[in-house]
Amino acid sequence: MSKDQDKRLYLIDAYAMIFRGYYALIRNPRLTSKGLDTSAIFGFSNSLIELIRREKPSHLAVVFDIGKENVRTADYTEYKANRSETPEAIQIAIPYIHRILEAMHIPVLGVEGYEADDVIGTIACKAEKAGYNVFMVTPDKDFAQLVTENIKIYKPGNKGSDVEILGVEEVKQKYGIEDPKQVIDFLAMMGDAVDNIPGLDGVGEKTAMKFLKEFGSIENLLENTHQLKGKLKEKVEASAERGILSKKLATIICDAPIDFDEDKYDLEDPDFEKVREVFDEIEFRRLYENLYRAFKSEAADPAIADPGKISRYEKVNIPKDASGTVQLDLFANFEDLEQATSTKSTIAENDHLYQFVDQPKAQKMLVNNLLQQQTVCFDTETTSLNEMEAELVGMSFSYKKGLAYYVPLSENRDEALQTIEIFKPFFEKESILKVAHNLKFDYKILRLYGVEIKGNLFDTMIAHYLLNPEGRHGMDYLSEIYLNYQPVSIETIIGKKGKNQLSFREADLQTQTIYAAEDADVTFQLYQIFAPQLKKENLEDLFYKVEMPLMEVLAKMELEGVSLDEAWLKQESIDLENDLKQLETKIFELCGEEFNMNSPRQLGEILFEKMQLDPKAKKTKTGQYATSEDILQKLVSKHEIIPYILEYRTYQKLKSTYVDALPAQIDKDDHRVHTNFSQTTAATGRLASVNPNLQNIPIRTLRGQQIRGAFVATEGKKIISADYSQIELRLIAEISDETNMIQAFQNGEDIHASTASKLFGIPLEEVTKTQRSQAKTVNFGIVYGQSAFALAEQTGLSRSEAKQMIDAYYETYPKLKEWMTEQVHKARKIGYVETVLGRKRHLKDINSNNFVVRGHAERNAVNAPIQGSAADIIKIAMINIDRKLDEENLETKMLLQVHDELLFESPVEEVQSATELIRTQMESAFETKVPLVVEVGVGKNWLEAH
DNA sequence: GCGATTTA
DNA sequence: TAAATCGC
């Protein structure tokens with residue numbers, strides 16, 4: 001096709017694309033070695049290059065809002081992300097993006113005083129008249145109003161979703177309308193917070209669609225409001241004027257003062273050298289290759305142009321005369337595949353060999369082959385994400401980039417076990433490094449099928465967690481970021497979440513093979529990237545000696561589960577229900593109206609509008625009344641209703657979150673609750689407990705405490721609870737070498753009272769309860785990295801009083817203050833802080849110009865080493881206890897970890913020796929000057945033991 | 001302060 | 001999606 005005939009113009013909505021790119025990477029920002037956040041630049045450039053590669057536009061232009069960049073960015077942040085600070089990364093990005101566009105010879109458009117939308121609208125209309133097909137490149141649905149036969153929306157794909165092109169038909173279908181122009185009416189009716197369009201009161205998406213069907217336009221609706229009824233009628237009529245205004249606001253102008261100069265938009269080759277210069281400066285390496293390919297490759301879309309490259313999978317056939325000697329060749333026929341690294345390639349574009357291996361003979365050959373390898377990556381496919389109820393569907397293996405095997409397993413458990421038996425030698429061979437993503441899952445599954453994985457382990461998810469604790473660690477995500485490769489999404493195979501979702505087993509064998517093999521392949525490639533990085537960052541010990549062994553301990557704890565007193569919970573649920581009913585009656589009586597007590601919004605309106613309890617009631621950021629506990633607490637004297645509300649809230653929480661939810665989580669087979677300890681969610685290094693969360697079982701209130709009583713030991717056993725006393729404060733003293741605090745601990749003093757005595761300059765014996773409590777709050781504030789502001793909020797002190805208190809605290813513990821300053825300096829200089837075991841926390845915001853953001857990073861610089869070190873130490877203790885219990889052949893089982901506490905179930909006759917073992921291991925897990933003290937309790941249940 | 005969970 | 005509340 002000659003260029004004259006090919007008239008396809010792509011108009012890129014620059015800011016929308018920049019923001020989109022930035023927020024796509026928000027949890028894993030791209031940083032240069034100097035700490036510059038290049039997420040926005042990367043996101044934009046990547047989308048741009050991807051667009052050129054895929055579509056080969058004949059004409060292309062990028063449209064900015066000009067002259068008021070800062071106003072525009074402020075708008076976007078406020079509405080789009082609900083954040084008060086403007087992301088610095090975006091402001092930094094703009095000049096770079098302009099340089100890149102200039103080097104790429106791509107024209108930049110904009111008209112002062114007009115929004116980018118209007119410029120795009122104007123050019124699109126003019127280009128259409130000139131015979132162009134126009135694509136408006138934007139994620140913004142407002143542009144749907146401009147869609148015609150020749151003007152379409154081009155919504156770039158991101159992870160999981162493919163490119164979406166919205167033409168007339170798609171727009172009609174999406175909004176259930178007859179003409180794309182009606183999108184304006186749609187927006188005018190329902191409003192749009194992002195663009196500050198008010199809309200009609202009481203009209204949301206659903207109602208707007210209904211109105212459009214019925215009335216066609218907002219004007220027609222407003223003329224016929226008599227057809228409506230009830231509240232809706234009132235609301236719509238009352239806001240009619242705003243509706244008309246909204247229509248004006250929602251309309252994209254198509255006559256901005258700008259000409260369509262088609263020659264200017266011709267897509268030319270970039271000045272590669274110049275682009276490279278900019279990319280080098282901000283350390284984009286792969287992107288340059290992608291850019292080069294985008295312009296130099298011939299086909300518009302390699303996947304379509306070259307069908308030979310689509311995925312190959314084949315069955316491994318055993319030759320008829322196969323003897324033991326035919327062996328390995330079948331598995332060695334795949335040499336040195338060059339990977340095509342186009343921008344974010346997919347399975348269709350990469351060379352690979354994925355094979356399924358379903359014959360026992362072939363499986364044995366595969367195992368023999370695996371046994372020759374030093375490092376093998378594997379993955380299991382199951383019918384469920386819950387290990388306890390999951391059935392194995394298949395296993396995949398990879399030990400070389402681009403090469404993977406899939407072993408399907410029979411639905412019949414005995415047959416499956418036979419196949420698994422073939423692979424046992426591999427799993428049990430110590431010398432092979434076994435790699436998987438989220439290995440704990442596979443470890444548990446295989447254990448339930450009688451396989452105990454041995455030897456060194458490598459979990460790519462945990463590896464990434466150590467490299468970047470704050471980031472996301474999903475395999476698909478990591479693949480896109482580190483391999484520039486988009487794996488097949490599980491949803492394309494088994495459908496979206498919901499009742500219609502298939503089980504993996506229901507997919508056909510070839511589909512299973514592609515998906516499973518790809519997972520193993522991708523994980524292997526991630527291993528190749530992460531392993532050297534761990535070494536480089538000195539994280540190998542933490543990884544191989546702490547996190548990976550801990551993974552096994554956690555797997556065992558999760559499989560063990562904990563026993564609950566179901567009968568008690570059942571009765572307590574009934575009791576709470578009755579109490580709640582009574583409280584509700586009382587509350588309705590006192591306010592003279594019935595409403596939904598579980599809706600903070602309704603409660604706020606009752607308290608502050610109807611009852612006028614506080615003329616200056618605080619609002620939340622979305623404008624409703626705040627009714628959180630601390631706020632209600634301040635109103636106790638205002639009205640007798642408040643205590644009832646507080647009590648209702650407490651009981652409601654207890655009932656829904658614990659008393660009713662826990663029994664529902666009991667396993668049908670072993671009648672125990674199996675939580676999941678996530679090793680990669682808390683950025684500080686702590687664990688997190690999910691499904692259910694057993695790390696927040698109540699303890700503060702009497703009624704709440706009773707729930708701990710429902711965590712029971714089974715017949716003939718006892719619960720042992722062992723917790724570190726003040727471990728964080730002890731570590732603060734230890735790490736900062738703060739003599740005043742160290743001595744207090746060495747003398748076995750009550751640390752909060754001791755702090756109070758020093759803080760207020762009075763003898764220890766004279767410290768009052770209030771003083772101790774204040775000192776305790778400050779101690780906690782330090783431990784949790786609270787700001788002075790938050791401390792003031794919590795203590796009820798004024799901000800300056802809180803500041804004074806903190807200053808006095810620093811004077812009391814000068815070395816501590818010194819250490820804190822040092823941490824912040826360290827973070828500023830090298831970009832991270834670390835724990836006693838070298839666990840890192842990167843603080844990219846430490847040099848931010850925004851004091852809120854920077855303050856946050858500064859508190860993290862102090863808090864992360866402390867909380868993280870405590871996490872390190874209990875992790876060591878857990879590993880050592882697990883080993884010792886095993887060595888001494890004790891039947892005592894570790895059940896739960898609650899940050900500074902461990903819970904065990906122990907046969908009565910073992911309790912004494914176990915207790916001693918646990919205490920010793922915990923107290924000696926890490927050598928310190930400050931004694932680590934552990935308090936141990938024993939009982940029939942958790943309440944008694946604690 | 002963080003993380004999990006429930007509810008509207 | 002936001003608010004509230006539980007733990008450490």
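These numbers were taken from a predicted model, which means no experiment stands behind them. Order of the sequence lines sets the chain letters (A, B, ...), proteins ahead of strands, with each chain counted from 1.
Contact annotation: R859(A) reaches the phosphate of dG1(B) (side-chain N/O to OP1 or OP2, under 4.0 Å). Residue R649(A) places none of its side-chain N or O atoms closer than 4.0 Å to OP1 or OP2 of dA4(C). The side chain of H946(A) places no N or O atom within less than 4.0 Å of a non-bridging phosphate oxygen (OP1 or OP2) of dG7(C).
Side-chain atoms of T657(A) lie closest to dT5(B) of the nucleotides dT5(B), dC8(C), dA3(C). Residue N693(A) has its side chain nearest to dT5(B) when only dC6(C), dT5(B), dC8(C) are considered. Closest to the R708(A) side chain, of the nucleotides dC6(C), dG3(B), dC8(C), is dC8(C). Counting only heavy atoms from C-beta on, T622(A) has its side chain closest to dA3(C) among dA3(C), dT5(C), dC8(C). Closest contact between the side chain of T681(A) and the listed nucleotides dA4(B), dC6(C), dC2(B) involves dA4(B). When distances are taken from the side chain of S656(A) to each of dT7(B), dA4(C), dG3(B), the shortest belongs to dT7(B). Across dG3(B), dA8(B), dT5(B), the shortest atom-to-atom separation from the side chain of N596(A) is found for dA8(B). Nearest to the side chain of N598(A), among dA4(C), dA4(B), dA8(B), sits dA8(B). Of all nucleotides listed (dG1(B), dT6(B), dT5(B)), dT5(B) comes nearest to the side chain of K653(A). Relative to the side chain of T620(A), the nucleotides dA3(C), dG1(B), dG3(B) differ in distance, and dA3(C) lies closest.
Taking atom CD of E629(A) as the reference point, atom P of dC6(C) lies 6 Å away to the nearest angstrom. Rounded to whole angstrom, the span from the NZ atom of K621(A) across to the P atom of dA4(C) amounts to 11 Å. Across the protein-nucleic acid pair, Q652(A) atom CD and dT7(B) atom P stand 7 Å apart, rounded to whole Å. Taking atom CG on N860(A) and atom C1' on dG3(B), their separation rounds to 14 Å, with Å as the unit. Rounded to an integer number of Å, the gap from N676(A) CG to dT5(B) P is 10 Å. For Q679(A) and dC2(B), the CD to C1' distance is 18 Å, given to the nearest whole Å. Taking atom CD on Q794(A) and atom C1' on dT5(C), their separation rounds to 14 Å, with Å as the unit. One can place CE of M820(A) at 14 Å from P of dG1(B), the figure rounded to the nearest angstrom.
Using a 4.0 Å heavy-atom cutoff across all strands shown, I699(A) reaches sugar-phosphate atoms only and no base atom. At a threshold of 4.0 angstrom between heavy atoms, the contacts of S678(A) with the nucleic acid are absent. F780(A) comes within 4.0 angstrom of nothing in the nucleic acid, heavy atoms only. Among the protein residues, T627(A) comes within range of the sugar-phosphate backbone only, with heavy atoms under 4.0 Å from sugar or phosphate atoms but none that close to a base. Looking at heavy-atom distances under 4.0 Å, Q624(A) makes contact with sugar-phosphate atoms alone, never a base.
For the pair Y784(A) and dC8(C), the ring geometry qualifies as stacking, because the centroid separation is below 5.5 Å while the planes lie within an angle under 30°.
For D459(A) (side chain) and N438(A) (main-chain N/O), a donor-acceptor pair under 3.5 Å exists by modelled atom type. Of the possible polar contacts, one joining the S689(A) side chain to the L694(A) backbone as a donor-acceptor pair under 3.5 Å is found.
Scanning atom types as modelled, no donor and acceptor separated by under 3.5 angstrom connect the side chain of R686(A) and the base of dC2(B).
Electrostatic pairing of R703(A) and E572(A) counts as a salt bridge here, judged by a charged N lying under 4.0 Å from a carboxylate O. A salt bridge is defined here as a Lys NZ or Arg NE, NH1 or NH2 lying under 4.0 Å from an Asp or Glu carboxylate O, and K826(A) with E834(A) meets this definition.
Side chains of W942(A) and Q705(A): no donor on one and acceptor on the other come within 3.5 Å. With no hydrogens or angles considered, a side-chain donor-acceptor pair links D630(A) and S628(A) at under 3.5 Å.
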For this session: Starting from the C-alpha separation in whole Å, work towards a yes-or-no answer on salt bridge (charged side-chain N to carboxylate O under 4.0 Å, His left out) for E547(A) and K440(A).
Result: CA-CA 11 Å; E547(A) 296 293 353; K440(A) 178 150 61 65; over 6 Å; no
